[in-house]
Student: 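My structure is below; once you've seen it, I'll send some questions.
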Amino acid sequence: MKITILGYYGGYPENGVGTTGYLVQSDDFNLLLDAGSGVLLELERHIDPLELDAVLLTHYHHDHTADIGVLQYLWQLKRGSRKHPVLPIYGHFKDPLNFASLTWPDATKGIAYDVNGIDLGPFKIEFLETVHPVPAFATRITETKSGKVFCFTSDTTIFDGLSSFVKNSDLLITDTNFFADQAGVRWHLTTKETAEVFDESNSKKLIISHLPTQRDLKRMLSETKDYSKNPNDIFLPVLGKKINLN
Ligand SMILES: [Zn+2]
Ligand SMILES: [Zn+2]
């Protein structure tokens with residue numbers, strides 16, 4: 001299983017880096033996990049988007065879905081051979097209006113995922129609803145043939161059950177949007193909370209993502225490391241970097 005980081009900011013893109021999106025690959029299967037602003041441009045540096053097998057959205061906030069509309073136009077308009085007649089876009093059904101927008105005639109088709117888990121090509125995907133202002137789902141993606149696990153928290157504040165859901169992952173990517181001293185209502189994890197989830201989960205490698213714009217990312221990293229017992233296994237995301245778990 002290979003994971004390529006296509007964008008890592010929360011909220012809006014900045015300095016050539018988009019918001020959330022990951023290309024998750026196994027053999028020739030290409031899954032796009034979230035499609036934030038700028039993600040389609042970065043995806044095109046790696047594969048022809050007509051080669052996608054599926055898209056999966058963790059929730060319907062714009063920094064995770066902004067490029068869905070232009071991806072639908074691409075499937076409608078771009079000349080070339082489509083891998084499939086229509087591109088399936090998996091989303092939850094707790095917001096019927098946004099779910100309906102995933103279908104675009106002769107281009108894409110929205111498919112409501114069963115939050116109890118689905119089999120999608122070479123992957124088994126499990127879901128856990130997070131704590132966020134809109135319905136959002138953390139994903140646990142297991143490559144069936146190898147047993148390798150990639151977990152993504154999606155957007156969430158801290159809650160009981162998150163660490164156990166992402167336990168023993170080979171790669172954990174977390175929504176780390178705040179410094180440890182952030183006060184008030186929080187809909188994302190702080191550096192300290194991310195470090196605690198990482199340590200409790202016994203995961204092998206952590207990449208902090210959904211990072212804040214206009215902040216010192218090196219401080220985000222150093223704070224996360226300071227709160228963890230495994231600082232050497234924690235990294236900042238690198239745009240376009242492919243992480244091979246096999
Ligand atoms: Zn977000
Ligand atoms: Zn969100």
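Whatever order the structure lists ligands and atoms in, that order sets their numbers, starting from 1.
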Student: With respect to the Zn ion (ligand 1), what is the nearest N, O or S atom of D155?
Tutor: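 This residue's closest N, O or S atom turns out to be OD2.
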
Student: Which of the N/O/S atoms in H61 sits closest to the Zn ion (ligand 2)?
Tutor: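 The atom in question is ND1.
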
Student: Report the name of the N/O/S atom of D63 located nearest to the Zn ion (ligand 1).
Tutor: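 Closest N, O or S atom of D63 to the Zn ion (ligand 1): OD2.
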
Student: Sub-3.5 Å donor-acceptor pair from the side chain of S228 to the main-chain atoms of T224, do we have one?
Tutor: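 Answer holds: no.
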
Student: Checking only N/O/S atoms, does H59 have one that is under 2.8 Å from the Zn ion (ligand 1)?
Tutor: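 No, H59 does not qualify, because none of its backbone or side-chain N, O or S atoms lies under 2.8 Å.
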
Student: Hey, does the side chain of N30 reach the backbone of L52 with a donor-acceptor pair shorter than 3.5 angstrom?
Tutor: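 Absent.
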
Student: So E14 and T213, side-chain hydrogen bond (donor to acceptor under 3.5 Å, both in side chains) or not? Walk me through it.
Tutor: CA-CA 7 Å; E14 187 178 59; T213 53; 4.6 Å; no

Student: With ring pair (Phe, Tyr, Trp, His ring centres under 6.0 Å) as the test, pick out the partner of H210 among H64, H61, H59.
Tutor: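 Looking at H64, H61, H59, the match for H210 under the ring pair (Phe, Tyr, Trp, His ring centres under 6.0 Å) is H64.
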
